[in-house]
2 protein chains.
Amino acid sequence: MARHTYDYPRPCLTVDCVVFGLDETALQVLLIQRAIEPHAGCWALPGGFVEMGESLEAAARRELQEETSLDISYLEQLYTFGGVDRDPRDRVVTVAYYALVKRLDHVARASSDARQVGWFPVNDLPPLAFDHEVIMAAAHERLRGKVRYQPIGFELLPTKFTLRQLQHVYETILDRALDKRNFRKKILSMDLLIELDETEQGVAHRAARLYRFDRRKYERLSKRGFLFEI
Amino acid sequence: MARHTYDYPRPCLTVDCVVFGLDETALQVLLIQRAIEPHAGCWALPGGFVEMGESLEAAARRELQEETSLDISYLEQLYTFGGVDRDPRDRVVTVAYYALVKRLDHVARASSDARQVGWFPVNDLPPLAFDHEVIMAAAHERLRGKVRYQPIGFELLPTKFTLRQLQHVYETILDRALDKRNFRKKILSMDLLIELDETEQGVAHRAARLYRFDRRKYERLSKRGFLFEI
DNA sequence: CCAAAAGTGTTTCACGTACACCCATGC
DNA sequence: GCATGGGTGTACGTGAAACACTTTTGG
C-alpha cells in the first residue's frame, strides 16, 4: 500500500449523513450497523472518508449511493464536528450533511453490501456510535428550523401529494397539530402548488385532490425577495 | 522536522475567520495581508492550520488571538469549504467561522506580528485570496439572516449602548432604514433591555439613555420557547 | 345508509406599519 | 435661542388563529 507523508500531522477527514424519511406515522432516520471496531455492532450514521479528488458534497453523495439505493432529493451541509476525542483511534474531523428522501415512493429498502441497514423513528433511536447522537440532535433541530421558512417539506413526499399529506409532514416535523383550514388557506395563498386533474387512489372514502410543488415559480419569486413561510 | 505518515492521503485542514466589527458608519471586516505565496501581498481572511490537540473552535480562537488583540464576543461556525481546487499547492479543506467584536470599545488596532492588518467596509472590499470572497459572502448572508431572530446585534456594541446605536446596528446589517418609534416599541416590548441610570457623554445635544442587554433573562426565556425577533 | 375524510367561510384579535410633534441639552 | 437628536402615542390595515358544518365517496 502506498504511504503518504507530511511535515505536520493531519486529522482524518470524513463525512457523515443524517438521512430523513417519512413513513405513514413518523419521521425516520437511516442507520447502518457497524461491522468493525470501534463500536462494532452499534448503529451509526452512514458515512466514510473524503477522497482527495472529490468535494465534500460529492463524498456525501458517494457514501449514500454506496450504502443505499435511495435517490436523495435534498442534501445540505449541517455542521463540522471536530472535537479532539470523537474517535478513540485517531483524530477524526467529520463534516455532517443531512438529506431528505422520498421514502413513500419506494417502499423497498435495499442495501448494496452485506451491512445491516435500517430506518428508525427519530424519537426512538437505538444508542449510536461515536458522537452520532449529538449530530442527530443537531440535524433534527436544523430540520425543524428550516422547514418553517424553506420549502423542503415537499422533498419528503412523492412528486404528487395531497394537502393532507403535506400537512402531515409539517405536523410530524414540528410536532404539533395544525388547523386544517388555516393550513390549506396559507399554503394555497402562496400560489406555489399546481392543482392536478387527479385524485388519490384506493382510499375507502372521498379521494383527495393531488398537487405538485411549482419549483420553478418558487425560484423565480425567491430571487425577487419572496419568503416562504409556514 | 518530524514526519507523519498515513496509509491514505489526507487533506490539509484549516480554519478561517470572518471578523465583523462596526464603526460609526459601516459594517467592517478584518483582513490580513498575506506575506507568502500563493497570493503574496493579497488580502485574506485570518486563519491557519488546525493542530492535533485542539478543537476546531479552539483553533479559530487561537488564530484570532495571534492575529489581533481583539476580544471576540461571539464566535460561530459558518460552513466548511472543501472544493478540490481551493488551493493550488495541496488539497485544503477549511472550516470557516464568523466572529463579532465590540470595535467601539477599543479604537486601537493592534497586530501581534509584522503582518499588515486592516478593517475594510464589507461593501467595499479589496480582491481576496483563494475562495475567500465566497466565504465572505456566505458570512455576510448568514449575519443578515441571523441578526433578525437571534440577539447578536448586541455583540457589536459596547456593553452599555443607546437605542439609537442599536437601531444603527440593525440598519447597517439589514441595509434599510427602520422607523425609530416602531423600533423602540418592539425592542422595549421584549423586556430584555435593562435601563441604566446613565446617559451618553460628550454629545452636543440631549444625551441619550444607556441600556444593557439582559443575557440571563434572554437565556431563561429562550429555554421556554421565547423567540427573539426584529 | 353509514363511516371517514375532503373541502370550505367568517369573526376576532394582535401586531406591524405609517406617521408628527414636543422635549432636553449644549453651544 | 437655536440647532440637534431624544423621546413618545395613535389610527389603520393585514394576517394569524379559532372554530363547525356540508360534501363526496367506497363499502
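Heavy atoms only: backbone and side chains are in, while hydrogens, waters and symmetry mates are out. Every chain is numbered from 1, with letters handed out A, B, ... down the list of sequences. Note that the structure is a prediction, hence the values are computed from the model and not measured.
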Between Ala207(B) and Ala207(A), who's closer to the 5' end of DNA chain D by nearest nucleotide? Ala207(B)
Does Arg181(B) put a side-chain nitrogen or oxygen below 4.0 Å from OP1 or OP2 of dG7(D)? no
Indicate whether OP1 or OP2 belonging to dG5(D) is found under 4.0 Å from a side-chain N or O atom of Arg164(B). no
For the pair made of [atom1] in [X] and [atom2] in [N], what is the distance, rounded to whole Å?
X: Leu178(A); N: dG7(C); atom1: CG; atom2: P; value: 17 Å
X: Glu200(A); N: dT24(D); atom1: CD; atom2: P; value: 16 Å
X: Ile187(A); N: dG7(C); atom1: CD1; atom2: C1'; value: 16 Å
X: Phe183(B); N: dT8(D); atom1: CZ; atom2: P; value: 14 Å
X: Leu188(A); N: dA6(C); atom1: CG; atom2: P; value: 14 Å
X: Lys180(B); N: dT4(D); atom1: NZ; atom2: P; value: 14 Å
X: Asp179(B); N: dT8(D); atom1: CG; atom2: P; value: 14 Å
X: Arg184(B); N: dA20(C); atom1: CZ; atom2: C1'; value: 15 Å

Go through the steps for Tyr74(A) and Phe20(A) under the test ring-ring contact (aromatic ring centres under 6.0 Å, His included), then give the verdict. CA-CA 10 Å; Tyr74(A) 184 82; Phe20(A) 290 104; over 10 Å; no
Check the pair Lys180(B) / Arg164(B) against side-chain contact (heavy atoms from CB on, under 4.5 Å), numbers first and verdict last. CA-CA 8 Å; Lys180(B) 181 167 61 156; Arg164(B) 159 69 68 186; 4.2 Å; yes
Is the distance from the ring center of Tyr79(B) to that of Phe81(B) below 6.0 Å? yes
Describe, in one word, how the ring planes of Phe213(B) and Tyr218(B) are oriented to each other, choosing from parallel (under 30°), tilted (30 to 60°) and perpendicular (over 60°). tilted
Beyond-backbone contact of Val147(A) with Tyr170(A), side-chain heavy atoms, under 4.5 angstrom: yes
Crowding at NZ, Lys146(B) (>12 non-hydrogen neighbours, <6.0 Å): yes
Looking only at side-chain atoms of Arg206(B), point me to the closest of dG5(D), dT23(D), dC19(D). dG5(D)
Got a list of protein N/O to nucleotides 14-17 of chain D N/O distances below 3.5 Å?
from: dA16(D); atom 1: OP1; to: Lys186(A); atom 2: NZ; distance (Å): 3.4

Per the salt bridge (charged side-chain N to carboxylate O under 4.0 Å, His left out) rule, which among Glu198(B), Glu200(B), Glu195(B) passes with Arg209(B)? Glu195(B)
Assign each of Glu229(B) and Ala204(B) to its nearest nucleotide of DNA chain C by heavy atoms, then name whichever residue's nucleotide is nearer the 5' end. Glu229(B)
What does Arg209(B) touch in the nucleic acid at a heavy-atom separation under 4.0 angstrom: a base, only the sugar-phosphate, or nothing? sugar-phosphate
